[in-house]
**Q** 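I'd like to ask some things about the structure below.
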Amino acid sequence: MDQIKQVAIVGGVHGNEFSGIYLVKQYQQQPEQITRSSFTTETVWANPEAHYANKRYLHSDLNRQFKTVDLANPDLSNYEQSRAKVLNAQLGPKGNARIDLLIDLHNTTSNMGACLILTQAGPFYNKLAAYVKMKMPEAIISRDEDHFAAEDHALMCTLGRYGVLVEVGPQPQSVLRQDVLELMHRMTQHILDFVELYNNDALPVLPKQTEAFRYLHSIKLPMNERGERIGMVHKNVQDRDYQPIHPGDPLFTLFDGTVVPYQGETVVYPTFINEAAYYDNNLAMSLNEKVLIEL
């Protein structure tokens with residue numbers, strides 16, 4: 001059995017995503033909530049300086065600094081790039097990590113509910129997804145597999161031997177919401193319970209198939225040749241994360257009133273709709289396909 005002995009729960013990779021920070025503080029004050037008999041759990045506050053500045057990050061997005069080649073590059077030395085190297089030394093090193101499972105806690109301004117995001121494939125992840133969905137039917141399982149090895153992933157969760165993201169919304173930046181915090185706590189508890197059962201070879205009978213959504217690509221807001229925004233997400237799409245968009249459905253409304261339809265040829269499922277943090281890149285949403293995870 002592939003035992004999980006060391007678990008890390010990480011909050012505050014982005015300084016203005018408050019739920020993970022306050023959940024980590026809660027767990028530090030009540031360690032019995034994350035204590036299980038078969039493994040040790042530690043908590044990490046990833047980016048405190050960005051939080052104190054009430055920003056997502058100071059110099060660059062911390063959750064894009066964890067490619068193996070970047071961690072080894074001493075010329076990448078701004079605050080977040082340096083912080084990534086410190087976290088790699090603390091929890092990794094990546095590729096030979098001390099941490100067996102890294103649970104990275106995030107908020108989104110989009111209406112996504114509680115999402116378990118898997119960045120790698122494999123039997124452990126498939127069983128985890130099936131267990132979480134069975135225990136928490138309202139949960140969304142997202143497969144964000146880029147079909148390349150973990151060393152080329154830039155996300156912090158890839159520091160661990162295994163890693164997942166818990167993404168919960170909607171929650172405005174620099175705000176706390178009780179319902180969102182409770183959803184994050186529930187999903188995190190189910191993950192810890194799964195690991196305990198997994199280690200003890202005591203998992204319940206899991207569903208053979210689990211619905212999930214696989215990331216395809218992201219699309220940008222309408223812009224003119226000068227790079228200025230000329231439209232917005234259509235009101236029929238707003239807040240409808242993971243609801244189907246069919247070919248020809250309204251997608252954007254231009255400021256002159258023109259409706260721009262979805263021009264793809266297959267049904268897609270949007271997420272991170274109108275995410276505030278992605279406006280610096282003019283990203284409107286990510287598009288997904290519906291898939292089944294099979295055990």
**Q** Please identify each residue that fulfils ring-ring contact (aromatic ring centres under 6.0 Å, His included) with Y269, with sequence neighbours left out.
**A**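 For Y269 the ring-ring contact (aromatic ring centres under 6.0 Å, His included) partners, ignoring immediate neighbours, are F213.
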**Q** Closest approach of I273 and D241, non-hydrogen atoms and distance?
**A**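 Smallest interatomic distance, heavy atoms only, reads N-OD2, 3.2 Å.
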**Q** Report the residues that fulfil side-chain hydrogen bond (donor to acceptor under 3.5 Å, both in side chains) with R83, sequence neighbours left out, ordered by chain and then residue number.
**A**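 side-chain hydrogen bond (donor to acceptor under 3.5 Å, both in side chains) list for R83, sorted by chain: empty.
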**Q** To the closest 0.5 Å, what do you measure between CG (L118) and CZ (F124)?
**A**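 The CZ atom of F124 is 10.0 Å from CG of L118, to the nearest 0.5 Å.
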**Q** Can you find a side-chain donor-acceptor pair between E80 and N47 that sits under 3.5 Å?
**A**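 The criterion, which ignores hydrogens and geometry beyond distance, is satisfied for N47 and E80.
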**Q** I'd like to check the side chain to side chain contact (heavy atoms under 4.5 Å, CB included) partners of D256; sequence neighbours left out, ordered by chain and number.
**A**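 Per chain and number, D256 pairs via side chain to side chain contact (heavy atoms under 4.5 Å, CB included) with L254, T258.
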**Q** Looking at K67, I'd like to know if its NZ atom is crowded, meaning that more than 12 non-hydrogen atoms belonging to other residues, nucleotides or ligands lie closer than 6.0 Å.
**A**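 Counting neighbours around NZ of K67, 12 or fewer heavy atoms of other residues, nucleotides or ligands fall under 6.0 Å, so no.
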**Q** First locate atom CG of D239, then atom CE of M112, and finally report the distance between them rounded to the nearest 0.5 Å.
**A**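 One gets 12.5 Å once the value is rounded to the nearest 0.5 Å.
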**Q** Check side-chain hydrogen bond (donor to acceptor under 3.5 Å, both in side chains) between S174 and all other residues, then give those that pass, not counting sequence neighbours.
**A**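 S174 satisfies side-chain hydrogen bond (donor to acceptor under 3.5 Å, both in side chains) with N54 once adjacent residues are dropped.
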**Q** Suppose we screen for side chain to side chain contact (heavy atoms under 4.5 Å, CB included). Which residues come up paired with A212, at least two apart in sequence or across chains?
**A**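 Testing A212 for side chain to side chain contact (heavy atoms under 4.5 Å, CB included), a comparison that skips the adjacent residues, returns I141, R143, V291, I293.
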**Q** Looking at every non-hydrogen atom in both residues, tell me the closest pair between L206 and K127 and how far apart they are.
**A**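 Heavy atoms of L206 and K127 come nearest at CD1-O, 3.8 Å.
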**Q** Among all residues two or more places apart in sequence or in another chain, which pass the salt bridge (Lys or Arg N to Asp or Glu O under 4.0 Å) test with D193?
**A**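 Residues passing salt bridge (Lys or Arg N to Asp or Glu O under 4.0 Å) with D193: R36.
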**Q** Could you tell me whether the side chains of N78 and S60 share a donor-acceptor contact shorter than 3.5 Å?
**A**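 Per modelled atom types, N78 and S60 side chains form a pair under 3.5 Å.
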**Q** Under 4.5 Å between side-chain heavy atoms, counting indirect links through other Ile/Leu/Val/Met/Phe/Trp/Tyr residues: same cluster for I34 and F39 or not?
**A**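 Same hydrophobic cluster.
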**Q** Go through it in stages, so that I can follow the logic: the residues are E182 and R177, the test is salt bridge (Lys or Arg N to Asp or Glu O under 4.0 Å), and I'd like the CA-CA distance, side-chain angles, deciding distance and then a yes or no.
**A** CA-CA 9 Å; E182 288 176 351; R177 282 181 54 155; over 6 Å; no
**Q** Does any pair with a residue in residues 56-75 pass ring-ring contact (aromatic ring centres under 6.0 Å, His included), and if so which ones, sequence neighbours excluded?
**A**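 Listed once each, the pairs would be none.
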**Q** Report the C-alpha separation of E289 and T266 in whole Å, then their side-chain angles, then the decisive distance to 0.1 Å, and conclude whether the side-chain hydrogen bond (donor to acceptor under 3.5 Å, both in side chains) test is met.
**A** CA-CA 9 Å; E289 63 178 351; T266 60; over 6 Å; no
**Q** Test L287 against every option in Y262, Y215, F272 by the side-chain contact (heavy atoms from CB on, under 4.5 Å) rule and name the one that passes.
**A**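 When Y262, Y215, F272 are each tested with L287, the side-chain contact (heavy atoms from CB on, under 4.5 Å) holds only for Y262.
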**Q** Output all residues satisfying side-chain hydrogen bond (donor to acceptor under 3.5 Å, both in side chains) with E42, sequence neighbours left out; order by chain, then residue number.
**A**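 Here the qualifying residues are R98.
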**Q** Suppose we screen for side chain to side chain contact (heavy atoms under 4.5 Å, CB included). Which residues come up paired with E138, at least two apart in sequence or across chains?
**A**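 Residues passing side chain to side chain contact (heavy atoms under 4.5 Å, CB included) with E138: M136, L183, R186.
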**Q** Angle class for the Y131/F194 ring planes (parallel below 30°, perpendicular above 60°, tilted otherwise)?
**A**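 The arrangement is tilted - the two ring planes meet at 30° to 60°.
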**Q** Could you pull out all residues at least two apart from A276 that satisfy side chain to side chain contact (heavy atoms under 4.5 Å, CB included)?
**A**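 T109, Q173.
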**Q** Just jot down the salt bridge (Lys or Arg N to Asp or Glu O under 4.0 Å) partners of K55, sequence neighbours excluded, or say none.
**A**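 K55 satisfies salt bridge (Lys or Arg N to Asp or Glu O under 4.0 Å) with no other residue.
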**Q** Distance only, no hydrogens: is a donor on one side chain within 3.5 Å (strictly under) of an acceptor on the other, for S77 and S82?
**A**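 On atom types as modelled, these side chains do not qualify, holding no pair under 3.5 Å.
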**Q** Quick one: which residue pairs count as a salt bridge (Lys or Arg N to Asp or Glu O under 4.0 Å) with a foot in residues 161-175, not counting sequence neighbours?
**A**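 For residues 161-175: D2-R161, D100-R161.
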**Q** Has Y279 got a side-chain atom pairing as donor or acceptor with N274's backbone, closer than 3.5 angstrom?
**A**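 Not confirmed, Y279 side chain does not pair with N274 backbone.
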